[in-house]
Amino acid sequence: MKKSVYFFAVVLLLSGSVQAQKKKDKDNAKAKLDSIAAIASSKEPEKKASIADKIKSSRKYAGLFTLYQDTVTGSVQMYITKDQLGKDFIYQSFSMGGPTQLFLNQNMIRTNFAFKIKKSFDKLEFSEENTNFYYDANNAVSKAANVDVAAAVFYADKIAAQDSAGYLVPVDGLLLGDKLDPVKPVLPPTIPPGMVFNLGSLNSSKSKYDSLRSFPENTDILVSLAYDNPAPFNTGEKDITDARYVRVRMQHSFLAVPQNDFRARRDDPRVGYFGAEVDDLTSTSYTPYKDFISRWYLKKKDESAALSEPVEPIVFWIENTTPVELRPIIKAAGEKWNEAFEKAGFKNAVVMKEMPDTATWDPADVRYNVIRWVSSPYPSYGAIGPSFFNPLTGQILGADITIEWQTGAGIARQQPLYEDAASYQSLTQKLQAAAEKQQVAQALFGKNHLAACTLANELAMQYQSGISAVETMYDDATNEQKAAAINKMHEQFLYYLVLHEMGHTLGLNHNMKASQMLSPAQLNDTALTHTIGLQGSVMDYPAVNVSLDKSKQGDFYTIKTGPYDWWAIEYGYTPFTTASEEAGLKKILSRSTDPQLVFGNDADDMRSPGNGIDPRVMINDLSNDMAVYAEDRFKLVNTIMPKLKQKFAKPDQSYQELRGRYGTLLNQRYSMASALTRYIGGVYVDRSFPGQNATVKPFTPVPEDYQKKALALLSKYIYAPDAFNADSALYPYLQIQRRSYDFFGNTEDFKPQNAVRMLQESTLDFFLHPTTLKRISNSSLYGNTYSLAEVMSDLTKAVFSADLGTNVNLYRQNLQTLYVDDLSDIVKDTRYYDYVSKAAALASLKKIKSMMTTAVSTNEQTKAHRGNIVFMIDKALDTSK
């Protein structure tokens with residue numbers, strides 16, 4: 001009992017001690033907190049960092065947007081004034097150097113959009129504006145404008161500091177990334193990994209700023225973006241130093257929206273301008289479009305004068321990279337556009353100046369429009385003339401022309417037409433390959449059709465063909481006369497190149513129909529061509545004009561703008577008051593039925609099988625009678641071929657030039673054959689509106705006799721057993737100059753059967769394309785009298801009839817095998833071809849098999865060939881059961 005009492009007493013004592021200690025600790029803790037609070041209350045409140053604090057180690061670039069770059073880290077901050085919030089600005093990007101396989105050439109115009117900057121609590125947001133829609137303010141529906149349009153905030157960051165006038169925000173994440181313009185193309189997953197060169201992943205830590213510039217109306221930032229790809233499937237060309245580590249130089253340009261009285265001018269399908277598509281969501285029209293064109297802001301000094309100089313002309317500077325001896329030609333060519341502007345009421349609208357070597361301005365400054373000369377190892381274009389415009393109105397804000405040195409010198413990049421080994425793809429495989437190619441093109445440059453301008457390359461190939469013609473046909477001329485002809489051709493070539501690219505910078509897109517203006521007999525009438533030109537527009541891709549009779553030779557290329565160019569500039573640039581504009585434009589457009597003003601652009605052209613329907617909208621053609629013109633050109637090529645070795649196999653050099661010359665002439669055959677094929681199943685298009693008293697319907701099938709004439713020419717100059725006899729003496733000499741191990745894994749011998757096969761195959765690919773076959777049938781319902789069965793019957797005769805009584809040469813063996821293989825694919829196809837096409841193909845196979853039973857074969861190779869043809873047909877017929 002005493003122990004229990006004692007234990008209880010001890011517990012009470014200990015408990016009291018613990019409680020006392022807790023109270024003491026609590027009091028001490030409170031005392032400490034009171035002490036800390038007292039100390040804190042005695043200090044000044046912590047100040048937020050000021051703008052001065054944030055930029056104390058930075059260099060300032062004042063302008064539209066003021067930039068501050070830290071001189072130690074290189075990091076950039078942007079100052080946005082409060083009155084800039086909510087305003088429209090314009091963004092424009094340029095590639096300034098990178099892999100040309102990805103169209104990242106120097107000064108390639110890329111992304112363009114309107115944007116706004118808004119404040120959201122402690123952040124600034126940069127958002128792209130959607131300019132695709134229009135709402136009439138007088139319609140109540142406009143109160144719901146853009147309710148279902150997805151917003152696009154492409155950058156946001158916390159405000160680093162602010163003052164009474166604005167905000168400072170870090171922008172490294174905006175400028176050293178891919179938020180503004182994703183440089184790396186997003187390829188469809190169906191594209192094989194090694195098909196296109198791949199940049200890899202952006203490495204922000206290795207990316208940097210190259211230069212910053214800011215002016216009152218624009219701010220330009222040039223950056224160097226680093227991309228890493230540890231295991232590249234495609235290592236690129238020689239311009240890629242190391243495919244694992246690639247740099248791309250990009251320029252970001254921010255521009256103020258011009259404050260002037262510029263009015264958007266509506267687009268029209270009868271004339272070809274670049275511009276913007278805008279849908280009117282408050283319209284009940286069948287064509288609810290508010291599309292507008294891109295054009296420069298020109299205003300007359302004297303608004304009452306019929307012809308007046310502009311307040312501010314369109315000024316182009318010939319950059320000091322341009323060869324000195326070529327500058328006068330370029331200056332004169334650019335100023336040739338003033339003839340067109342006079343139709344719109346402007347005198348001296350285009351001014352060409354030379355950039356002095358002492359110039360202190362940078363040609364990359366968007367305030368200067370320049371024509372520059374570059375030399376790239378693997379250019380994706382020979383020359384390009386893009387412009388960029390205000391996406392809200394269409395006002396062109398800047399433009400540049402870039403010309404590749406080799407192209408400007410008239411050197412053609414050899415096309416793989418005659419080098420490529422036969423692919424031996426089925427028709428369906430080719431269709432799939434074409435679809436993949438289109439997907440890649442879409443990923444690389446989207447809707448930027450300027451990036452797809454191949455005029456310079458086509459023009460250079462035509463030019464080289466012309467040089468070969470002059471060199472071989474002017475045998476009886478003196479060296480001085482021959483040199484004069486070549487110099488004239490090169491000068492006119494340069495004139496045309498500059499005229500075409502200048503047209504793009506003025507807003508004009510291609511007109512592939514313009515070469516139809518003159519008849520073959522008129523092409524060398526200089527009294528006519530010096531007045532209206534060789535073609536309706538310089539925006540076409542023409543064939544070089546070389547006469548079979550050199551005594552009648554006129555201009556090789558047109559050296560002036562044509563009637564369509566004058567009319568298009570009149571439409572785009574004639575000043576009108578708001579009240580008179582619509583009536584004035586309708587009056588100009590009413591003349592679209594004039595044969596000299598015909599128009600058809602890339603959307604209509606037929607250069608690729610399956611594209612377009614009007615055979616007159618084609619590249620590398622000339623005159624309004626392609627049958628006559630093509631036959632003259634086939635004869636010209638066959639005349640030149642036997643003379644090539646004598647002229648171009650020169651002492652002390654390899655046979656490389658001879659091989660190149662042969663390739664350009666083979667390309668002439670390809671161009672002529674391609675143009676002719678388009679007439680079979682072709683449909684002439686007229687875009688005049690009701691009320692213009694047009695003499696033709698919107699769609700008119702090519703007359704049957706002309707279709708047959710085109711096929712007959714192909715039969716004679718492409719399919720016939722003797723079509724390539726003129727070439728045979730050259731084959732042992734078509735040797736590539738050896739460079740180290742450059743043809744390692746391949747053989748160096750020229751392969752004539754592949755060259756001819758590719759040419760013949762290209763024509764069959766068009767004839768037997770599902771789009772062509774379906775159009776032949778569809779057009780029979782509104783005027784085409786040349787049925788699909790008849791077309792295939794005539795094609796079968798062209799491919800087989802000429803040698804049924806004799807042996808079949810190698811060219812024809814390939815042609816016949818290709819044709820039967822293609823027909824077999826059509827019969828077996830379950831995806832692309834319609835019933836009529838399959839029926840016609842089946843009938844043709846049976847007819848060919850019947851031919852083989854009576855054909856005469858006296859050598860083993862012909863017997864083997866015809867046995868294979870029968871085997872292929874039996875296999876196709878068996879599969880089709």
Side-chain angles (χ1 to χ4, degrees), residues 382 405-407 409-422 457-477 479 481-483 485-487 489-490 493 543-544 546 548 550 556 620 633-673 717-718 722-744 746-760 762 810-811:
W405 159 248
Q406 283 197 322
T407 304
I411 305 300
R413 298 207 308 275
Q414 293 302 307
Q415 298 180 356
L417 172 68
Y418 65 97
E419 300 285 3
D420 193 2
N457 296 333
E458 300 287 354
L459 202 68
M461 188 68 75
Q462 293 288 332
Y463 170 75
Q464 285 297 320
S465 301
I467 294 296
S468 299
V470 170
E471 288 277 12
T472 54
M473 293 175 62
Y474 282 53
D475 286 335
D476 56 347
N479 289 336
Q481 290 172 325
K482 186 182 294 185
I486 292 173
N487 288 338
M489 187 186 299
H490 186 231
F493 162 85
V544 60
V546 179
L548 265 172
K550 65 178 182 292
F556 296 103
N620 297 325
R633 186 54 50 95
F634 282 133
K635 290 178 179 177
L636 177 68
V637 169
N638 288 339
T639 300
I640 295 171
M641 281 294 187
K643 303 177 182 180
L644 281 184
K645 180 176 175 293
Q646 177 186 352
K647 293 295 179 183
F648 299 111
K650 300 173 182 176
D652 300 320
Q653 70 175 38
S654 69
Y655 289 95
Q656 182 99 354
E657 182 178 0
L658 176 63
R659 185 173 175 130
R661 296 289 178 183
Y662 175 76
T664 60
L665 292 179
L666 196 64
N667 184 268
Q668 282 292 304
R669 287 191 182 124
Y670 172 80
S671 297
M672 297 302 103
Y717 292 102
I718 302 298
D722 62 350
F724 300 95
N725 283 359
D727 304 34
S728 58
L730 293 171
Y731 294 153
Y733 300 96
L734 301 179
Q735 183 184 61
I736 301 175
Q737 180 170 319
R738 184 184 68 80
R739 298 184 69 195
S740 186
Y741 289 88
D742 58 350
F743 48 78
F744 183 78
N746 196 1
T747 57
E748 62 179 303
D749 58 313
F750 183 74
K751 300 169 181 64
Q753 67 165 324
N754 288 350
V756 173
R757 177 181 180 264
M758 292 296 289
L759 177 54
Q760 294 172 333
S762 69
L810 183 60
Y811 303 137

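Only this structure's heavy atoms are used, side chains among them; waters, hydrogens and symmetry mates stay out. Treat the numbers as computed from the prediction; the structure is a model and nothing was measured.
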Report summary line: When rounded to the nearest 0.5 Å, the distance separating CG of L665 from CG of L730 is 9.5 Å

Query raised in the report: Taking all atoms of both residues into account, what is the closest heavy-atom pair of A485 and F556, and its distance?
Result: O-CE1, 3.7 Å

Report task. Compare all side-chain heavy atoms of R669 with those of N638 and state whether any distance is below 4.5 angstrom. Result -> yes

Query raised in the report: With a 4.5 Å heavy-atom cut-off, do V637 and M641 have their side chains touching?
Result: yes

Query raised in the report: What is the distance from atom CE of M461 to atom CG of N620, rounded to the nearest 0.5 Å?
Result: 9.5 Å

**Report entry** Minimal non-hydrogen separation, F634 against A673, with atom names
**Finding:** CZ-N, 4.0 Å

Query raised in the report: Counting N and O atoms only, with roles assigned by atom type, does the side chain of Q760 sit under 3.5 Å from a partner on the main chain of I718, one being a donor and the other an acceptor?
Result: yes

Report task. Inspect the surroundings of OH in Y733 and state if more than 12 heavy atoms from other residues, nucleotides or ligands are less than 6.0 Å away. Result -> no

Query raised in the report: Can you name the side-chain contact (heavy atoms from CB on, under 4.5 Å) partners of S740, sequence neighbours left out?
Result: none

Query raised in the report: How far apart are the closest heavy atoms of Y474 and K482, and which atoms are they?
Result: O-CE, 3.6 Å

Report summary line: Minimal heavy-atom distance between M489 and V470, with the atoms involved, is CE-CG2, 3.5 Å

**Report entry** Backbone of V544 reached by a side-chain donor or acceptor of Q462 within 3.5 Å
**Finding:** yes

Query raised in the report: What is the distance from atom CG of L636 to atom OG of S465, rounded to the nearest 0.5 Å?
Result: 9.0 Å

Report summary line: By side-chain contact (heavy atoms from CB on, under 4.5 Å), S654 pairs with (sequence neighbours left out) Q656, Q737

Report task. Search all heavy atoms of S762 against all heavy atoms of L759 and return the closest pair with its distance. Result -> OG-O, 2.7 Å

**Report entry** From L658 atom CG to Q653 atom CD, the distance as rounded to the nearest 0.5 Å
**Finding:** 9.5 Å

Query raised in the report: Do R633 and Q668 have side chains that get closer than 4.5 Å, going by heavy atoms?
Result: yes

Query raised in the report: Do the side chain of S728 and the main chain of F724 share a donor and acceptor less than 3.5 angstrom apart?
Result: no

Requested in this report: Report the relative orientation of the aromatic rings in F750 and Y662; use parallel for angles under 30°, tilted for 30 to 60°, perpendicular for over 60°.
Outcome: perpendicular

Do any side-chain atoms of residues 643-651 form donor-acceptor pairs under 3.5 angstrom with protein atoms, and if so which ones, sequence neighbours left out?
| unit_1 | atom_1 | unit_2 | atom_2 | d |
| --- | --- | --- | --- | --- |
| K647 | NZ | D475 | OD1 | 3.0 |
| K650 | NZ | E657 | OE1 | 3.4 |

Query raised in the report: What heavy-atom pair brings R661 and Q464 nearest, and what distance separates the two atoms?
Result: NH1-OE1, 2.8 Å

Query raised in the report: Are side-chain heavy atoms of I486 and E471 found at a separation under 4.5 Å?
Result: yes

Report task. Could you tell me whether the side chain of S468 reaches within less than 4.5 Å of the side chain of T664, counting heavy atoms only? Result -> yes

